[in-house]
Amino acid sequence: VGGRPESPLVGPETENGVAAMAACYQGFDPAAYLQYNYTPPRADFERKDSIVPWKLACLHRAFTEGDVNGDLLVDIGSGPTLYQVLSGCEVFKKVLLTDFLEVNRQELRGWLQDKGVSSLDWTPYLQHVCKLEGRRPSAWTEKAAKLRQVITDIVPVDVHRPQPLALDDLPSAGADCLVSCFCLESVSPDLAAFTRALGHIGRLLRPGGHLLLIGALGESYYFGGPGVKIPVVPLNEAQVCASLKESGYTLIRLEVYTLPQDMRVGVDDVSGVFFAKAIKE
């Protein structure tokens, strides 16, 4: 979010939209957001139709198919969450977390310190991914140690800039894989800005590198804290596919999850979630 877009093709209207989005995020509350989205029923590991286990299964599958690998995995717009790199940390030597908001980077740094303080207990997540990997749930402590070892840094990102990261945050060859979950559609004022942001983050990726993208379908807002209502670009599957193509990616797979009625808990109006696996042309 935020930052002044440097592209001459972007008019003042879009700049204002981007600035307005950045202003929305000033009240973002990581602890409240985690409570809304990363506790039951949305994170019920006993239920096959719970949204968090679905996301973890998509990521596990993508990272274990054998074609997604290399040295560096970059998570774009990590927010205050870690679930999105729990499978990837086994495949990549280095993981870079990024977020626009200092409060989110602080939340992540809290967990990274060994006896760190975190607003959410990530243990059930670590245990669940260990199970997906065919390991005993008690191996979660090893996975936590591995994650802390491979996360090299937590840095600021601005997907609306043509160069979203500081130049020295990334090797010149680029990242081997990007993962981004619920970031682009929730920081863009409109579909055109979402598509542009996809193109911007693509510049961080080496040719032939993979993008693993998770996002909301049919969502027009979500709460980033008590009374903090944040607008979202409502996407459908066709728009996601078109935006990826326009931004220089070849889609390998698109999977869709539809929220059961009891997952619609009033913190947003999301109707579904997509998972896209794509490759940079």
Side-chain angles (χ1 to χ4, degrees), residues 1-7 10 14-15 17-28 30 33-34 59 70-85 88-89 92 94-112 147 150-189 193-206 209-216 222 224 230 232-233 243-244 247-249 276 278 280:
V1 199
R4 194 181 151 82
E6 292 145 8
S7 163
V10 172
T14 299
E15 280 199 29
V18 165
M21 287 300 310
C24 286
Y25 274 90
Q26 294 320 301
F28 189 88
Y33 172 80
L34 289 167
L59 289 162
D71 283 335
L72 178 63
L73 169 65
V74 179
D75 181 27
I76 301 290
S78 306
T81 65
L82 289 162
Y83 72 91
Q84 62 277 22
V85 293
C89 76
F92 289 86
K94 292 183 216 154
V95 173
L96 181 66
L97 302 181
T98 72
D99 201 72
F100 179 72
L101 294 176
E102 174 56 25
V103 285
N104 284 335
R105 300 196 299 268
Q106 230 169 321
E107 171 69 34
L108 295 169
R109 281 195 289 264
W111 183 86
L112 266 187
L147 191 56
V150 299
I151 292 174
T152 53
D153 211 348
I154 303 161
V155 299
V157 68
D158 183 345
V159 299
H160 296 305
R161 288 179 178 274
Q163 187 58 47
L165 292 176
L167 287 171
D168 53 0
D169 285 336
L170 211 61
S172 56
D176 299 292
C177 178
L178 299 180
V179 62
S180 187
C181 302
F182 303 103
C183 170
L184 305 185
E185 72 280 8
S186 56
V187 300
S188 297
F194 168 82
T195 306
R196 257 195 314 275
L198 263 177
H200 291 163
I201 67 170
R203 292 177 190 167
L204 307 172
L205 195 57
R206 66 166 172 80
H210 285 83
L211 169 69
L212 305 177
L213 189 68
I214 291 181
Y222 78 98
I230 297 174
V232 179
V233 180
S243 291
L244 283 164
S247 310
Y249 302 93
K280 181 181 172 178

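- Between D71 and K94 there is no side-chain heavy-atom pair separated by less than 4.5 Å.
- In this structure, T98 contributes its side chain and P156 its backbone to no donor-acceptor pair below 3.5 Å.
- D176 places a side-chain N or O within donor-acceptor distance of the main-chain N or O of L72, the cut-off being under 3.5 Å.
- Distance check, rounded to the nearest 0.5 Å: CG of L112 to CD of E107 gives 11.0 Å.
- Checked against ring pair (Phe, Tyr, Trp, His ring centres under 6.0 Å), Y83 has the following partners two or more places apart in sequence or in another chain: Y38.
- For the pair S247 (side chain) and T195 (backbone), a donor-acceptor distance under 3.5 Å is present.
- In this structure, the side chain of E185 does not engage the main chain of F194 through any donor-acceptor pair within 3.5 Å.
- A distance of 11.0 Å separates CG of L184 from NE2 of H200, quoted to the nearest 0.5 Å.
- Between the side chain of R105 and the backbone N or O of F100, at least one donor-acceptor pair lies under 3.5 Å.
- Interatomic distance, CG of L178 versus CG of L73, reported as 8.0 Å (0.5 Å rounding).
- Taken from CZ in F92 to SG in C177, the straight-line distance is 4.5 Å, to the nearest 0.5 Å.
- Under the 30°/60° scheme for interplanar angles, the aromatic rings of F28 and Y222 are found to stand perpendicular.
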